[in-house]
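So the structure is just underneath, and the comments pick up after that.
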Amino acid sequence: MQKKTDMARILITSAIPYINGIKHLGNLVGSQLPADLYARYNRARGNEVMFLCATDEHGTPAELAAAKAGKPVAEYCAEMHGVQAEIAKGFRLSFDHFGRSSSAANHKLTQHFAGQLAEAGLIREVSEKQVYSHADGRFLPDRYIEGTCPNCGYDKARGDQCENCTKQLDPTDLIEPRSAISGSTDLEVRETKHLYLRQSDMRDKLNDWIDSQNDWPILTTSIAKKWLNDGDGLQDRGITRDLDWGIPVKKGSDDWPGMEGKVFYVWFDAPIEYIACAAEWAEANGKTDADWERWWRTDKGADDVRYVQFMGKDNVPFHTLSFPATIMGSGEDWKLVDYIKSFNYLNYDGGQFSTSQGRGVFMDQALEILPADYWRWWLLSHAPESGDSEFTWENFQQSVNKDLADVLGNFASRVTKFCRSKFGEVVPEGGEYGEQELALIKELQEKLAFYQAHMEAMEVRKSASYLRAIWVAGNEYLQSAAPWSAYKEDPDRAAAIIRLSLNLIRFYAVLSGPFIPDAAAKMLEAMGTDNADWPEDVAEALSLLPAGHEFTVPDVLFAKIQDEEREGWQQKFAGQRT
RNA sequence: GGCGGUGUAGCUCAGUUGGUUAGAGCAGCGGAAUCAUAAUCCGCGUGUCCGGGGUUCAAGUCCCUGCACCGCCA
């Protein structure tokens with residue numbers, strides 16, 4: 001049991017997935033899944049956890065996807081949020097709340113932050129020229145304007161860059177520009193006003209803050225430093241757009257003269273949703289403002305909170321610079337992130353996973369073919385921490401069959417079935433724990449310490465490898481203790497070995513829960529207990545199920561992936577998603 | 001073009017502030033055992049640590065340089 005004084009408070013956020021479509025396994029392993037692992041682990045250790053995620057809903061891509069689906073954008077987003085929430089449940093992502101960046105709470109907070117920043121003199125107005133499309137009835141972002149490249153003559157150059165000659169372009173450079181949405185050439189350059197966040201003014205402050213984070217991974221700090229120091233240093237960024245779908249530009253609750261009809265740019269309101277999500281959580285659960293503010297306001301109880309963010313490496317600049325600039329610039333006591341855990345990319349069979357090209361396995365497809373635990377285990381034990389990593393079907397099949405079916409699943413099976421045939425479905429009585437048991441306990445105590453240390457450091461792969469080693473230790477013990485031999489001469493000795501082994505199943509269930517929650521629950525259920533207390537003392541934990549305690553033999557925990565199945569999936573997922 | 005990353009056994013990867021004969025898992029080979037999802041356990045690894053040069057008593061581990069692949073940015 002946890003002592004009250006050990007209890008920590010951990011705020012965890014996962015990068016919020018964009019609303020447009022279903023994410024692939026590379027997205028999952030880069031943020032939501034490791035965040036869930038960490039959340040589950042901390043809950044299991046008795047810490048108080050607030051784990052938040054949401055959908056990122058604003059911006060042009062959402063509008064276009066909705067138009068393509070023939071639905072109003074709000075309706076489209078609501079629907080897709082439901083789809084993503086359902087899939088998250090399927091993967092057992094244990095969010096305390098899965099919010100929406102389009103929520104009322106986020107509208108209010110985003111407008112509030114903008115007001116605070118304006119008051120602090122950190123916002124400036126900029127008048128700029130943008131392309132307006134009469135046919136589309138909207139301003140076009142640079143990349144949605146196509147035309148002929150003045151440099152190389154390529155006729156599908158985009159307004160921001162020519163893909164053919166890679167030359168950086170301005171939309172006005174294009175010859176015969178047209179809308180990439182409608183193809184219309186009825187375009188007009190209009191003068192429009194936008195708000196910019198003066199990030200450049202905060203460069204030194206941000207730099208000092210980054211410098212003070214000496215325990216952050218190099219991947220994280222090097223990206224941040226690059227943006228801070230590259231060229232002319234950190235640039236101011238536009239925080240508004242001429243769009244319909246988004247959070248209306250306001251200064252707190254007041255109108256913002258000259259900004260009528262404009263919305264905040266998605267990069268500005270998306271991270272604020274981390275905070276708003278907590279407010280949504282409170283509202284959804286009948287809590288008060290104070291209940292969520294104690295996670296986010298250091299002047300309202302959040303000073304002892306440790307805040308950890310999980311994300312893919314492409315998201316690092318926003319989390320190390322832009323969002324902190326918003327927080328710091330507000331002049332209010334909002335919680336800043338304490339640790340950023342970032343991930344590299346997962347590749348698929350020799351190439352990249354790609355949402356736009358439909359390449360790889362997507363979250364919904366994964367759940368259609370195998371239970372969540374299979375994916376969770378493989379993805380986490382191969383998480384791209386030190387560099388990009390590679391998914392192949394052969395590796396997936398081998399790892400899952402060996403680790404889950406042969407090492408863990410079979411252990412539970414051999415122990416429970418042996419017991420049932422010799423002693424019945426009850427923890428057997430007789431004999432005592434001897435030298436072999438003491439040696440095992442000592443070994444487990446050591447491995448447990450390493451497992452915990454790696455989990456706390458968010459070393460995902462290493463945690464997985466220690467967990468696996470803990471499973472293996474059970475098989476080693478059973479093999480050398482050989483209760484099937486002992487039973488013939490000394491049934492009491494066999495009883496003691498099996499009593500310990502049955503306790504090991506419960507022990508494994510508890511330790512494995514963060515990785516494979518469904519199997520862990522099945523193991524506990526089979527052992528006829530709901531005691532999922534984290535083991536502090538291994539010897540104590542392994543005598544928790546006493547002689548006479550009833551259990552049941554569980555069904556096969558992990559069916560093996562057959563060669564024909566693997567080959568079928570390999571083919572099925574070889575092409576593009578249709 | 002600029003910046004960053006990666007390049008270690010057939011495969012996926014570890015290698016902490018440079019220090020004894022470079023490691024793990026899987027695959028492969030041999031053996032033990034037979035309780036179990038033909039699962040488990042034990043034993044077996046000379047691989048130019050991408051190439052070249054340098055610093056050092058000592059480099060996979062630091063510096064320079066070349067090559068390959070990848071990413072980000074412009």
Side-chain angles (χ1 to χ4, degrees), chain A residues 26 160-162 165-170 217-232 235 312-317 342-347 349-352 377-379 381-423 428 450 453-454 457 459-469 471-488 494 497-498 501-502 505 519 553-562:
Chain A
D160 52 349
Q161 181 179 36
C162 174
C165 69
T166 75
K167 187 177 167 62
Q168 176 82 4
L169 300 172
D170 235 27
I218 296 185
L219 179 66
T220 303
T221 47
S222 69
I223 293 173
K225 292 297 258 184
K226 182 184 169 308
W227 282 59
L228 280 167
N229 301 320
D230 222 32
D232 300 329
Q235 298 299 300
K313 59 185 171 186
D314 50 326
N315 259 319
V316 168
S342 56
F343 289 84
N344 290 284
Y345 294 138
L346 179 68
N347 288 323
D349 229 357
Q352 290 191 357
W377 174 255
W378 191 88
L379 290 169
S381 62
H382 294 77
E385 288 179 298
S386 56
D388 293 353
S389 67
E390 175 93 0
F391 174 93
T392 65
W393 285 101
E394 287 85 355
N395 184 307
F396 176 68
Q397 178 192 22
Q398 280 179 357
S399 300
V400 163
N401 284 355
K402 187 72 184 174
D403 298 347
L404 296 182
D406 298 346
V407 175
L408 178 62
N410 183 54
F411 178 82
S413 180
R414 66 196 297 205
V415 169
T416 51
K417 285 182 180 167
F418 180 81
C419 185
R420 179 172 64 185
S421 78
K422 306 298 185 211
F423 303 102
F450 280 111
H454 285 130
E459 299 266 18
V460 178
R461 296 174 86 128
K462 285 180 181 167
S463 302
S465 100
Y466 268 95
L467 178 58
R468 188 185 187 283
W471 296 340
V472 167
N475 278 314
E476 286 171 2
Y477 163 75
L478 205 58
Q479 205 63 30
S480 68
W484 47 87
S485 304
Y487 185 76
K488 295 169 193 160
I497 295 166
I498 290 302
S501 300
L502 287 166
I505 296 174
V553 174
D555 291 337
V556 169
L557 284 173
F558 299 98
K560 288 201 202 189
I561 298 170
Q562 304 301 316

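In the text below, chain A, chain B and the rest are named by the order of the sequence lines, each starting its count at 1.
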Problem set entry | Audit row: A:I561, A:F396, side-chain contact (heavy atoms from CB on, under 4.5 Å) steps and yes/no | CA-CA 9 Å; A:I561 298 170; A:F396 176 68; 3.7 Å; yes
For this session: State whether the side chain of A:N344 and the backbone N or O of A:E385 hold a donor-acceptor pair below 3.5 Å, judged by distance alone.
Result: yes
For this session: Would you name the heavy atoms of A:F343 and A:A383 that are closest together and state the gap between them?
Result: CE2-CB, 4.1 Å
Exercise. In whole angstrom, what separates A:D403's CG from B:U37's C1'?
Worked result: 15 Å
For this session: Could I get the full list of side-chain hydrogen bond (donor to acceptor under 3.5 Å, both in side chains) partners for A:S480, not counting sequence neighbours?
Result: A:Q436
Exercise. So which nucleotide does B:C73 pair with, by the Watson-Crick or G-U wobble rule with both distances under 3.5 Å?
Worked result: B:G1
Seminar exercise, completed: Between CG of A:N347 and P of B:C69 the distance, given in whole Å, is 15 Å
For this session: Find the distance A:D406:CG to B:C41:P and express it as a whole number of Å.
Result: 9 Å
Exercise. Is there a side-chain contact (heavy atoms from CB on, under 4.5 Å) between A:S389 and A:R461 once you walk through the steps?
Worked result: CA-CA 12 Å; A:S389 67; A:R461 296 174 86 128; 4.1 Å; yes
Exercise. How close do A:K417 and A:V553 get, heavy atom to heavy atom, and via which atoms?
Worked result: CG-CG1, 3.9 Å
Nucleotide N/O to protein N/O under 3.5 Å, stretch nucleotides 8-13 of chain B:
| unit_1 | atom_1 | unit_2 | atom_2 | d |
| --- | --- | --- | --- | --- |
| B:U12 | O4' | A:N395 | ND2 | 3.4 |

For this session: Figure out the CZ/C1' separation between A:F418 and B:A33, and round it to whole Å.
Result: 13 Å
Problem set entry | Residues A:W378 and A:D403: side-chain donor-acceptor under 3.5 angstrom | no
Problem set entry | Opposite nucleotide pairing with B:C49, Watson-Crick or G-U, both atom distances under 3.5 Å | none
Exercise. Which base sits across from B:C44 as a Watson-Crick or G-U pair, both distances under 3.5 Å?
Worked result: B:G28
Problem set entry | Check: A:Y487 ring centre within less than 6.0 Å of A:F423 ring centre | yes
Exercise. Between A:A482 and A:L408, which has a closest nucleotide on RNA chain B that is more 5'?
Worked result: A:A482
For this session: Ignoring backbone atoms, establish whether A:K462 has a side-chain N or O less than 4.0 Å from OP1 or OP2 of B:A24.
Result: no
Seminar exercise, completed: When both distances are under 3.5 Å in a Watson-Crick or G-U wobble arrangement, the nucleotide paired with B:G23 is B:C13
Problem set entry | Residues A:H382, A:N395; criterion side-chain contact (heavy atoms from CB on, under 4.5 Å); working and verdict | CA-CA 10 Å; A:H382 294 77; A:N395 184 307; 3.4 Å; yes
For this session: Take atom P in B:C42 and the same atom in B:U61, then report the distance between them in whole Å.
Result: 34 Å
Exercise. With sugar-phosphate meaning primed atoms plus P, OP1 and OP2, does A:I498 contact a base, only sugar-phosphate, or nothing at under 4.0 Å between heavy atoms?
Worked result: nothing
Problem set entry | For B:U6, the Watson-Crick or wobble counterpart (both distances under 3.5 Å) | B:A68
Exercise. Roughly how many Å is it from OH in A:Y345 to P in B:G5, rounded to a whole number?
Worked result: 16 Å
Problem set entry | Strand partner of B:U56, provided both Watson-Crick or wobble distances fall under 3.5 Å | none
Exercise. Side chain of A:Q398: nearest nucleotide among B:A36, B:A39, B:A27?
Worked result: B:A27
Exercise. Can you check whether A:I497's main-chain N or O pairs, donor with acceptor, with A:S501's side chain at less than 3.5 Å?
Worked result: yes
Seminar exercise, completed: Closest non-hydrogen contact found for A:P483 with A:L478 is CD-O, 3.6 Å
Exercise. Rounded to whole angstroms, how far apart are CG on A:N401 and P on B:A38?
Worked result: 12 Å
Seminar exercise, completed: Sorted by number, residues from residues 473-480 of chain A placing a heavy atom under 4.0 Å from RNA chain B are A:N475, A:E476, A:Q479
For this session: Pick the P atom in B:U21 and in B:C64, then give their distance to the nearest Å.
Result: 28 Å
Seminar exercise, completed: Between CH2 of A:W484 and C1' of B:C35 the distance, given in whole Å, is 5 Å
For this session: Indicate, with a heavy-atom threshold strictly under 4.0 Å, whether A:F558 touches base, sugar-phosphate, or nothing.
Result: base
Seminar exercise, completed: Whichever of A:K402 and A:V415 has the more 5' nearest nucleotide on RNA chain B, that residue is A:V415
For this session: For A:K417, report the nucleic acid contact type (base, sugar-phosphate, nothing); a contact means any heavy atom under 4.0 Å.
Result: sugar-phosphate
Exercise. What nucleic acid atoms does A:V472 come within less than 4.0 Å of, heavy atoms only: base, sugar-phosphate, or nothing?
Worked result: sugar-phosphate
For this session: Tell whether A:N410 reaches the base of B:A36 with its side chain through a donor-acceptor pair below 3.5 angstrom.
Result: yes
Exercise. What distance, rounded to whole Å, do you find between the two C1' atoms, one in B:A59 and one in B:C49?
Worked result: 11 Å
Exercise. Taking CH2 from A:W393 and P from B:A27, how many angstroms apart are they, rounded to a whole number?
Worked result: 20 Å
